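Residue numbers count from 1 along this sequence. Since the structure is predicted, the reported quantities are computational estimates derived from the model, not experimental observations.
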Amino acid sequence: MAGNETHYTLPRASFDKPAKLLIVVAPYYKDIADNLIAGAKAEIEAAGGSWEIAEVPGALEVPTAIAMADRYSNFDGYVALGCVIRGETTHYDTVCNDSSRALQLMGLQGLCIGNGILTVENRPQAEVRADPADQNKGGGAAAAALHLIALSRKWGGQKKDIGFKPPSETILLAGDNDGSHTA
């Protein structure tokens, strides 16, 4: 059983300059969402960061809100929270797959996102995973976002020259190997 497994958890990320995160939550199951939020807020605050919350109607809207916030705001990272419980139709599969895929694609483009959208078979599974005193998946999603922010700050320094060279540099013409001609 997953609840009895032991696993390694990275040490909490630390920052010279506090991180600012947006928690985007779909409170469709309000009590579960509230627990996810509590875990996320506690983890962000423990790392010395700050947070804001944006609510959206459902899990499919979480990635859209994050993309909008990335375009129009100045957050260092994002925590995606919500819960999808399997029902009688394939809508569950669509919501789980599409929300997860959209978040992953934004992450591959450089956004620092912790995915805490629960995808479960039933309410008891969701309750255990959301509970900050139990599996604390909201805190885990915030920790993931914080670790990605730390990596982006570590690797996000001055980039090497990209593109065209300044016009003052000598450019070799086709067939000119000694550099005696300039463009």
Side-chain angles (χ1 to χ4, degrees), residues 1-10 12-13 19-47 49-73 75-109 111-149:
M1 255 178 128
N4 297 330
E5 295 277 336
T6 58
H7 57 273
Y8 176 73
T9 302
L10 293 172
R12 181 171 284 128
K20 180 181 176 185
L21 288 91
L22 177 64
I23 299 169
V24 179
V25 61
Y28 191 81
Y29 301 102
K30 182 92 169 89
D31 58 326
I32 293 167
D34 287 345
N35 274 341
L36 290 168
I37 291 168
K41 288 173 18 179
E43 184 62 28
I44 294 166
E45 290 170 1
S50 64
W51 49 266
E52 290 182 29
I53 294 179
E55 290 186 342
V56 296
L60 285 175
E61 290 77 34
V62 171
T64 302
I66 289 173
M68 291 169 58
D70 185 57
R71 275 194 302 275
Y72 303 124
S73 297
F75 295 99
D76 297 305
Y78 306 91
V79 182
L81 301 177
C83 178
V84 185
I85 299 175
R86 185 178 297 278
E88 297 175 355
T89 69
T90 58
H91 182 66
Y92 169 86
D93 297 311
T94 298
V95 174
C96 295
N97 293 333
D98 289 356
S99 62
S100 178
R101 183 174 295 114
L103 293 172
Q104 186 65 26
L105 288 173
M106 286 188 289
L108 292 172
Q109 293 171 3
L111 273 65
C112 301
I113 304 172
N115 184 354
I117 298 176
L118 304 178
T119 56
V120 297
E121 299 294 322
N122 53 53
R123 177 173 265 282
Q125 288 178 348
E127 290 168 348
V128 167
R129 284 162 177 75
D131 186 350
D134 202 330
Q135 291 189 20
N136 192 21
K137 297 298 184 181
L146 289 163
H147 279 285
L148 292 171
I149 292 166

- request: Would you list the pairs meeting salt bridge (Lys or Arg N to Asp or Glu O under 4.0 Å) in which at least one residue belongs to residues 33-42, sequence neighbours left out?
  value: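 Qualifying pairs, neighbours excluded: Lys30-Asp34.
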Of all pairs that satisfy salt bridge (Lys or Arg N to Asp or Glu O under 4.0 Å), the ones with a partner from residues 58-70, not counting sequence neighbours: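 Qualifying pairs, neighbours excluded: none.
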Under 3.5 Å, sequence neighbours excluded: what are the donor-acceptor pairs made by side chains of residues 19-29?
residue: Lys20; atom: NZ; partner: Asn74; partner atom: OD1; Å: 3.0

query: So which pairs with a foot in residues 116-125 pass side chain to side chain donor-acceptor pair (under 3.5 Å), sequence neighbours left out?
result: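 Residue pairs with at least one partner in residues 116-125: Asp31-Arg123, Arg86-Glu121, Arg123-Glu127.
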Ile113 side chain near Leu148 side chain, heavy-atom distance below 4.5 Å: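 No, too far: nothing below the 4.5 Å cut-off.
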task: Kindly indicate whether the side chain of Cys83, heavy atoms from C-beta on, has any atom under 4.5 Å from the side chain of Val120.
output: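 Side chain of Cys83 against side chain of Val120, heavy atoms only: contact under 4.5 Å found.
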message: For a quick test of reading the model, state the closest non-hydrogen atom pair linking Leu60 to Ser99 and the distance between them.
response: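 Scanning both residues completely, I find the closest heavy atoms to be CD2-N, 4.1 Å.
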field: Test side-chain contact (heavy atoms from CB on, under 4.5 Å) applied to Ala130 - qualifying residues, sequence neighbours left out
entry: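 Once residues adjacent in sequence are excluded, the partners of Ala130 under the side-chain contact (heavy atoms from CB on, under 4.5 Å) criterion are Ile32, Asn35, Leu36, Leu118.
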message: Which residues pass the side-chain contact (heavy atoms from CB on, under 4.5 Å) test with Ala67, not counting sequence neighbours?
response: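 Ala67: side-chain contact (heavy atoms from CB on, under 4.5 Å) contacts with Arg71, Met106.
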Please set out all donor-acceptor pairs under 3.5 angstrom arising from side-chain atoms of residues 87-98, sequence neighbours excluded.
residue: Thr89; atom: OG1; partner: His91; partner atom: N; Å: 3.3
residue: Asn97; atom: ND2; partner: Asp93; partner atom: O; Å: 3.1
residue: Asp98; atom: OD1; partner: Arg101; partner atom: NH1; Å: 3.4

- prompt: If you round to the nearest 0.5 Å, how far is CD1 of Ile149 from OH of Tyr78?
  reply: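 If we round to the nearest 0.5 Å, Tyr78:OH and Ile149:CD1 are 9.5 Å apart.
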Gap between atom CG of Leu81 and atom CD1 of Ile117 - 0.5 Å precision: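 Reported to 0.5 Å precision, the distance equals 8.0 Å.
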query: Mind checking what makes side chain to side chain donor-acceptor pair (under 3.5 Å) contact with Asp76, not counting sequence neighbours?
result: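 Partners of Asp76 under the side chain to side chain donor-acceptor pair (under 3.5 Å) test: Arg153.
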query: Can you name the side chain to side chain donor-acceptor pair (under 3.5 Å) partners of Glu45, sequence neighbours left out?
result: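 Only Trp51 meet the side chain to side chain donor-acceptor pair (under 3.5 Å) criterion with Glu45.
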